[in-house]
There are 2 protein chains.
Amino acid sequence: MSTVYEVADRAGVSTATVSRVIHGSNLVRPDTRERVLAVIEELGYVPDGSAQGLSRRRKDIIGLAALERGTTEVGIEKTSPLFMDELVHAVESVLRGTECSLLLTFGPAGEPFQRRIRSLSGKVDGLLVAEEVMPPGQLRSLARRIPVVAIAGRRDETELDVVAVDNTAGMRALAAHLIEDHGYRRLGFLAGPADSPDARERLEAFRQAVAGHPGCVLAPVLEGDFSEASGAAAARTLLALRPAPEVVACANDQMAIGVLLQFQGSGVAIPGDMAVTGFDDIYASRVVAPQLTTVGQPFRELGHRAAQRLRARIEDRELPQHTEILPTRCAIRASCGCPAPGSR
Amino acid sequence: MSTVYEVADRAGVSTATVSRVIHGSNLVRPDTRERVLAVIEELGYVPDGSAQGLSRRRKDIIGLAALERGTTEVGIEKTSPLFMDELVHAVESVLRGTECSLLLTFGPAGEPFQRRIRSLSGKVDGLLVAEEVMPPGQLRSLARRIPVVAIAGRRDETELDVVAVDNTAGMRALAAHLIEDHGYRRLGFLAGPADSPDARERLEAFRQAVAGHPGCVLAPVLEGDFSEASGAAAARTLLALRPAPEVVACANDQMAIGVLLQFQGSGVAIPGDMAVTGFDDIYASRVVAPQLTTVGQPFRELGHRAAQRLRARIEDRELPQHTEILPTRCAIRASCGCPAPGSR
DNA sequence: CGGGACGTTGTAAGCGGTTACATCCGGGTG
DNA sequence: CACCCGGATGTAACCGCTTACAACGTCCCG
């Protein structure tokens, strides 16, 4: 691996000049620049990121830590956290236009993952954390060391920036549609894991919406882990339940898909015998039949805002704390009982 | 941000000792170790990755560069490269057990992306490149500077390690099923982009399989870009075609799903009026109705092997070059015309 | 023709770790 | 009791790059 020194030697200049050329400083005479560039090209020289990071005090890397949910069954391809994938792409596409790169880590909640994030924090200029990857206290102390932006974290954070979506409005609109437009009275809910702030908000919003309509009852309320498998399991529970709800709203799309497929496999017609709804609007929700009625999250926007906010905070650590709530959009499709569109 | 010096000061030891404690060297007296650890805890000290990277000559970061396909239409949520997402998770899960982190970058093929990869190469110990993100020549010169493992790249590479899947066997088996079991005679193919070695192999394998069966004809052969939208577009072309093929095999699942949904939207029954197959076996292919007959890629395995190979090569740059082809598995489901399973 | 100003280039001191090597110290040995 | 040995710790060089500052023309002006 060649170094600045080697380049400087061969070009007959000092390392300072090489550095200036690399960074496009205009205090270099054109012919000197040419000579240096030629050597760089010849050697295939690329500056060492560590050395650069050490010297300027900035690594041009930001981290993204996200929970990986669902059970990792050996031998079985587990379903990946699709929600996160969308986010990763959104964040990456912002960074693409910059010098900054994205360091990624996934993991199941817990001690080891927290340690990993901690050690990762030494390699980055700032960190994006999705959901509750660690207890609030730890998160705050992390945020005291390096810039942190929480994605879909607790909304009541006062020491970190937060970018999240408006679960409440979205879920409320969906509930209103189910109750007012479809006239459902007995509504089931498949909640997400309690350690997800989003999951908690969605359940709470749905609960309140149902409570706001006399004559409506919320039952049963089941809990899953956001995985398709947990949706299927919930469906099996529901199958045995009397009286069955008319609709089951799920805290995310993957569980809704699990419910839907399990029902269909058991001969229950969706939405004829039972309606199902999701939340997130992932790719698969538009692909399943019937198409899933759900609440769309602005993934792209979420990733963009979070990435931009983080970069801003890296620039200026004194920025005032800021919580940003992005709107959601109810996507009424067929699984709730609405007529299927003739074509997509 | 605290440094080793600060920790050393407060603990009343030298930086060498702090370093020893951090790395669990056993030449430190237990009580000294305790004292140092206490200070580290108190300060929330985390060693700086750049400094570490510079000093040991290893950054404990590997990069993954992958193509982002499909058009980025403004205002429209584009479908993400699901295949890559699966791969990312696989790679990340290998790294999880190590000190190493994953630096990610996506981008459309082209000059800017190549430059980005080049600058990224200074921040990592090794690079995983998926498909043909750059011309073979450039790739090789990159590989001369840092360890590179190609995922799903050209199989004939002699200067880099390659990990890929057996497209040929998978596609051949699928074709045999369509021709021999279903008796299709007029087969269409929706190929992937010409810049993908995988896409080329799949087309070629299908072509040969059809040619090997007298009486069978391969027509039409269309080309897409691996996106769902390009599948839908192909379906519209097919709709107008006389005589229409009995089945259209697609070079990946997303295009197959695009074809399938477009057909269904136009009142064509799948597989009744026309059969459709895919390749990859992504999550959505099991969710769509009818379930997609496809060829399964061992994503996990692919990611594992590639990551492991790269780590091995980082350890020992003199390792002999090695190309590894992983088996694929034909997943016969319903979209080819086979009876749908009663339940999943 | 001396001297400032400016444009170009070089020198060298960090940045925050790691680690080879030196040092120190206590205890066992002949 | 001098000596040696080995375990614990400290010292300082070095990793490759950036950058403040110094140095060096050269040109222009008085």
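Heavy-atom basis, side chains included; hydrogens, waters and symmetry copies ignored. Quick note on labels: first sequence line is chain A, next is B, and so on, each numbered from 1.
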For [X] against [Y], the heavy-atom pair lying closest together:
{"X": "Arg317(B)", "Y": "Ala143(B)", "answer": "NH2-O, 4.1 Å"}
{"X": "Lys59(B)", "Y": "Gly122(B)", "answer": "CE-O, 3.2 Å"}
{"X": "Val165(B)", "Y": "Arg155(B)", "answer": "O-NH1, 3.0 Å"}

Whole-Å gap separating [atom2] ([N]) and [atom1] ([X]):
{"X": "Lys59(B)", "N": "dG16(D)", "atom1": "NZ", "atom2": "P", "result": "10 Å"}
{"X": "Arg29(A)", "N": "dT8(C)", "atom1": "CZ", "atom2": "P", "result": "8 Å"}
{"X": "Asp9(B)", "N": "dT11(D)", "atom1": "CG", "atom2": "P", "result": "11 Å"}
{"X": "Leu27(A)", "N": "dA5(C)", "atom1": "CG", "atom2": "C1'", "result": "15 Å"}
{"X": "Asp48(B)", "N": "dC17(D)", "atom1": "CG", "atom2": "P", "result": "16 Å"}
{"X": "Leu54(B)", "N": "dC15(C)", "atom1": "CG", "atom2": "C1'", "result": "9 Å"}
{"X": "Glu6(B)", "N": "dG16(C)", "atom1": "CD", "atom2": "P", "result": "10 Å"}
{"X": "Lys123(A)", "N": "dC15(C)", "atom1": "NZ", "atom2": "C1'", "result": "19 Å"}

task = Report which part of the nucleic acid Gly12(A) touches: base, sugar-phosphate, or nothing (heavy-atom distance under 4.0 Å, all strands).
result = sugar-phosphate
message = Under 4.0 Å, heavy atoms only, any strand: does Val18(A) hit a base, just the sugar-phosphate, or nothing?
response = nothing
ask   = Is it true that Glu68(A) and Arg96(B) have a side-chain N and a carboxylate O under 4.0 angstrom from each other?
value = yes
message = Any donor-acceptor pair under 3.5 Å linking the side-chain atoms of Gln138(B) with those of Gln114(B)?
response = yes
query = Just checking, any donor-acceptor pair under 3.5 angstrom between side chains of Ser50(A) and Gln52(A)?
reply = no
ask   = What nucleotide among dC15(D), dG17(C), dG10(C) has an atom nearest to a side-chain atom of Arg57(B)?
value = dC15(D)
Check: [Y] main-chain N/O paired with [X] side-chain donor or acceptor under 3.5 Å:
{"X": "Arg33(B)", "Y": "Ser25(B)", "answer": "yes"}
{"X": "Ser121(A)", "Y": "Arg118(A)", "answer": "yes"}
{"X": "Arg145(B)", "Y": "Gly44(A)", "answer": "yes"}

Check: protein-nucleotides 25-28 of chain C nitrogen or oxygen pairs below 3.5 Å:
none

query = In degrees, rounded to 10°, what is the bend between the two ends of the helix from dC1(C)-dG30(D) to dG30(C)-dC1(D), using five pairs at each?
reply = 60°
ask   = Does Glu111(A) CD have over 12 foreign heavy atoms under 6.0 Å away?
value = yes
ask   = Any side-chain N or O of Gln52(A) less than 4.0 Å from the OP1 or OP2 oxygen of dG16(D)?
value = no
key: N or O in side chain of Tyr45(A) less than 4.0 angstrom from dC17(D) OP1/OP2   = yes
request  = Would you please indicate if the ring centroids of Phe83(B) and Phe299(B) are separated by under 6.0 Å?
outcome  = yes
query = Roughly how far, to the nearest 0.5 Å, is the OG atom of Ser55(B) from the CG atom of Asp48(B)?
reply = 11.0 Å
inquiry  = For Ile22(B) and Arg35(A), find the nucleotide of DNA chain C closest to each by heavy atoms; which residue's nucleotide sits nearer the 5' end?
reply    = Arg35(A)
Polar atom pairs between nucleotides 19-28 of chain D and protein, under 3.5 Å, N or O only, would you list them?
none

